[in-house]
Amino acid sequence: MRTNRRRWTRPVVATAIATGLLAGVAPAASAEPRTPLAPHTVEQRAFESAADEFDVPTQLLMAVSFQLTRWEDHGGEQSTAGGYGPMHLTDVDPEQLRADNPKLIGLAVDNPRLHTLVEAAELIDVPAEQVKRDMAQNIRAGAALLADNARELGDGNLPETIGGWYPAVAELSGSPRASGARSFADDVYDVLGQGRKRTTSTGQELAFPKVTDVTMDRDLTGTGLAQARTANRQAARNEDEDTKPKAECPSELDCRYIPAAYAPTDPENPAGGYGNYDTADRPNDARIDSIVIHDTELSYQATISAFQNPASGSAAHYVVRSSDGQITQMIPTKDMAWQAGSWDRNITSIGIEHEGWAAEGGTWYTEKMYRSSAKLVRHLADKYDIPLDREHIIGHDEVSAETPAKAGLEHYDPGPYWDWDRYMELIGAPAEEGTGGNRAVTISPDFDTNRPEVTTCTDGKCELLPEQGANFLPLRTEPRADAPLLTSEVVHPDGAPGSTWIGDWGNKATHGRQYAVAERSGDWLAIWFDGKKAWLRDPGGKNTTPAEDAELVQPKRDGIPVYGRALPEPGAYPEGIEPQTLEALPYELPAGQRYVAQPAIESFDYYASYDGVDDPNNHTLINGDQEFVPISYNHRWVYVKKSDIESVS
């Protein structure tokens, strides 16, 4: 994208309009009294005003925003791809990206797709912080950026037809690859041809009529997308329809392939870092034993665009659309996507992203999405011999941190409103019936009627989410409803009690997880959880099912350490590969407690570097002599050394 931007100097009136919209009053061009705007139409008016101000077709501006965010602003909070507001304008901290993924060592700070918010804010001469939080200014800035794209591509002139805006829309996608940008622009024009009407999560009512008989100008020759493709020959090869991988999906699904970035963050310095996955030859060089379920916290198209940018430092194998269950595969399943926040899990799993926001639950997790995703999971499980159970089909929220420094910073998607009961039923592994296990239990509340309190918190202020079906049971310190919620030292390092915050996983036992029974008291059941006795309400065993066949283990002594990785001993690493350090997490197994375990595995690691760099050790699987046992410890799966535990008969 070009960098010589000009600041819009159009009128003081425009700024007054936007300010008036935020105040919920009609724009005033004179002193004549105006009718106040209905509160639920403020965002609609903001789009119309911005479109008029910057000479962008209103329907097109709204269609672009719809594809980016579904017109949601999420309270001014930053998305997982660093975007803000209805126009998803980005402002990414490169240092945070590097901290999250060390393979981004050479990340370019001036990558324009990481900083569209600053660029757009300059165009309208409004502080970037205001564009983040102010819905109307965010829409203005997005409209200005779209118009500026079009002027740059049109030698200073705006397109004469709505189809002529296609290249400018493609550049606004956020994708540095022509395939992703075309996909975004095509979908924008598809929405344009259908029209849209939606009420947002904040009650804003927006709509635009369909625009028919549009001829799109799909020529991207003059865009930065074409220039980037020419500069990166590997990307160009990946765009070639004859050589790029085909989608690995059941034939009955609407499935396509759009490649994620496998490229240096700086094309001139391939050794300086790359994204967003590692090539491999699974299962020939490493096993595939699990599937990780995510939500995007982004729109479908914004997710695809983010995964096509090597600077994003993450991508999943598949993305599933909420509205109709369409699937986009982005990484071959033989390769290792950077998707789980754990290299251990990346090595052995396939990641599937689902369009949606955890806090908005059922608004996004549709039946079409569940069905499409379940068919995909069944297909992949059959291909790679993955068991169809909750030990191997897991949420991102069940993946543990690898190191003590990251404990407490793990993800909580797909969140409390993902219907595991329905999903596993569609996969073909419904929950078993039964009540009152005395040895171990499977958490199994009825999703529709189980409605615990959940809150979201922003800037220290928390609000209660709408009551809805949830997949977890709250855990308390004692067998009574008014007892404090269980607390996790890594979530609450200050020692505060557990909370109802959606991200507080230290007091939530999720549907399908199995735990050893510690005690029963009336309507209450205690399980061993996070090194503690955790109480959940289970009258007549209605919220659990017996798991009497579960394998249980207990520590041989007090204070057994717990790990986030099953790393080999240093001597197992070949010359030229630096051994990874095994660090205990800030948890332990006290004497006398029991935990549900999976079969022991041998220690492992996988060394990978960028294929464009001559590295003789690339694609090396390392196995050690030490054996580890995965256990259902708290909200997540962790490891203990086999030598530290014993089976419970």
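All residue numbers in this chain count up from 1 along the given sequence. Side-chain atoms are counted along with the backbone in the values below, which use heavy atoms only and exclude waters and symmetry mates.
Considering W165, F66, Y166 in turn, Y166 is the only one that fulfils the ring-ring contact (aromatic ring centres under 6.0 Å, His included) rule with Y189. Between W71 and the choices P86, S65, S201, the side chain to side chain contact (heavy atoms under 4.5 Å, CB included) rule is met once, by S65. The ring-ring contact (aromatic ring centres under 6.0 Å, His included) test with H354 is passed by exactly one of Y365, W418, W364, Y417: W418.
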Which is it for D611 and Y262 under the side-chain contact (heavy atoms from CB on, under 4.5 Å) test, yes or no, and what are the steps along the way? CA-CA 9 Å; D611 287 347; Y262 181 69; 3.2 Å; yes
Full working for side-chain hydrogen bond (donor to acceptor under 3.5 Å, both in side chains) between H74 and S79: CA-CA 8 Å; H74 301 286; S79 77; over 6 Å; no
Pair E353-R321, salt bridge (charged side-chain N to carboxylate O under 4.0 Å, His left out): steps then yes or no: CA-CA 9 Å; E353 290 275 2; R321 186 158 62 191; over 6 Å; no
Any chance you could lay out the side-chain contact (heavy atoms from CB on, under 4.5 Å) test for I352 and H317, step after step, and finish with the verdict? CA-CA 6 Å; I352 305 177; H317 293 91; over 6 Å; no
Please evaluate residues V454 and T500 with respect to the criterion side-chain contact (heavy atoms from CB on, under 4.5 Å), reporting the C-alpha separation (whole Å), side-chain torsions for both, the decisive distance (0.1 Å), and the verdict. CA-CA 5 Å; V454 182; T500 58; 5.8 Å; no
With side-chain contact (heavy atoms from CB on, under 4.5 Å) as the test, would you mind laying out the steps for L172 and N149 before giving the verdict? CA-CA 8 Å; L172 201 69; N149 281 347; 3.9 Å; yes
Would R182 and D187 satisfy salt bridge (charged side-chain N to carboxylate O under 4.0 Å, His left out), going step by step from the backbone distance to the final call? CA-CA 8 Å; R182 284 192 189 281; D187 283 350; over 6 Å; no
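At a threshold of 4.5 Å between non-hydrogen side-chain atoms, the residues P416 and I502 count as touching. For the pair F184/S175, no side-chain contact is recorded, criterion being any heavy-atom separation below 4.5 Å from C-beta on. Taking the side chain as every heavy atom from C-beta outward, E297 and T303 never approach each other to under 4.5 Å. Side-chain contact between Q301 and S183 is present, with at least one heavy-atom pair separated by less than 4.5 Å. Side-chain contact between D73 and N138 is absent, with no heavy-atom pair separated by less than 4.5 Å. Residues E410 and D397 have side chains not in contact (no heavy-atom distance under 4.5 Å, counting atoms from C-beta outward). Within the 4.5 Å cutoff, side-chain heavy atoms of V188 are placed close to those of L60. Residues T199 and Q204 are not in side-chain contact: their nearest non-hydrogen atoms beyond the backbone lie 4.5 Å or more apart.
The pair R140-D125 does not meet the salt-bridge criterion, since no charged nitrogen lies less than 4.0 angstrom from a carboxylate oxygen. Under a 4.0 Å N-O distance rule, the pair R151/D148 does not qualify as a salt bridge. Salt-bridge formation is not detected for the pair K132/E77: no Lys NZ or Arg NE/NH1/NH2 atom is positioned less than 4.0 Å from an Asp or Glu carboxylate oxygen. Taking the charged nitrogens against the carboxylate oxygens, R218 and D186 do have a contact shorter than 4.0 Å, which makes a salt bridge.
With rounding to the nearest 0.5 angstrom, the CG atom of L123 is 6.5 Å from the CD atom of E119. I139 CD1 to Q44 CD: the interatomic distance, rounded to the nearest 0.5 Å, is 9.5 Å. A distance of 3.5 Å separates CD1 of I394 from CZ of R345, quoted to the nearest 0.5 Å. To the nearest 0.5 Å, atom OG of residue S322 and atom CH2 of residue W357 are 9.5 Å apart. E43 contributes atom CD, which lies 6.0 Å from atom OG1 of T200 (distance to the nearest 0.5 angstrom). Atom-to-atom distance recorded for M330:CE and R256:CZ is 9.0 Å, nearest 0.5 angstrom.
A donor-acceptor pair is defined here as one N or O able to donate and one able to accept, closer than 3.5 Å; no such pair exists between the side chain of Y277 and the backbone of S314. No donor-acceptor pair closer than 3.5 Å links the side chain of E463 to the backbone N or O of T455. Looking at D413, its side chain never comes within 3.5 Å of a backbone N or O of H396 through a donor-acceptor pair. At least one donor-acceptor pair closer than 3.5 Å links the side chain of T116 to the backbone N or O of T90. In terms of modelled atom types and a separation under 3.5 Å, the side chain of D134 and the main chain of Q137 share a donor-acceptor contact. Counting only distance, with no hydrogens or angles, the side chain of E398 and the backbone of G395 share a donor-acceptor pair below 3.5 Å. The closest donor-acceptor contact from the side chain of T328 to the backbone of V319 lies at 3.5 Å or more, if one exists at all. At least one donor-acceptor pair under 3.5 Å links the side chain of S305 to the backbone N or O of S173. Side-chain atoms of S342 never come within 3.5 Å of backbone atoms of V399 as a donor-acceptor pair (strictly under, hydrogens ignored). Remark: the backbone N or O of G325 is paired with a side-chain donor or acceptor of S372 at under 3.5 angstrom.
The two atoms that bring N276 and G313 nearest to each other are OD1-N, 3.0 Å, heavy atoms only. The nearest pair of heavy atoms linking P259 to Q308 is O-NE2, 2.8 Å. Between A121 and V131 the shortest heavy-atom distance is CB-CG2, 3.8 Å. For S349 against Q339, the heavy-atom pair with the smallest separation is OG-NE2, 2.7 Å. When all heavy atoms of I258 and S179 are compared, the pair lying nearest together is CG2-OG, 3.7 Å. Of all heavy-atom pairs between G564 and L585, the closest is N-CD1, 3.5 Å.
Partners of R70 by salt bridge (charged side-chain N to carboxylate O under 4.0 Å, His left out), not counting sequence neighbours, listed by chain and number: E355. For S499, the side chain to side chain contact (heavy atoms under 4.5 Å, CB included) test picks out H492, W501, D504, with sequence neighbours left out.
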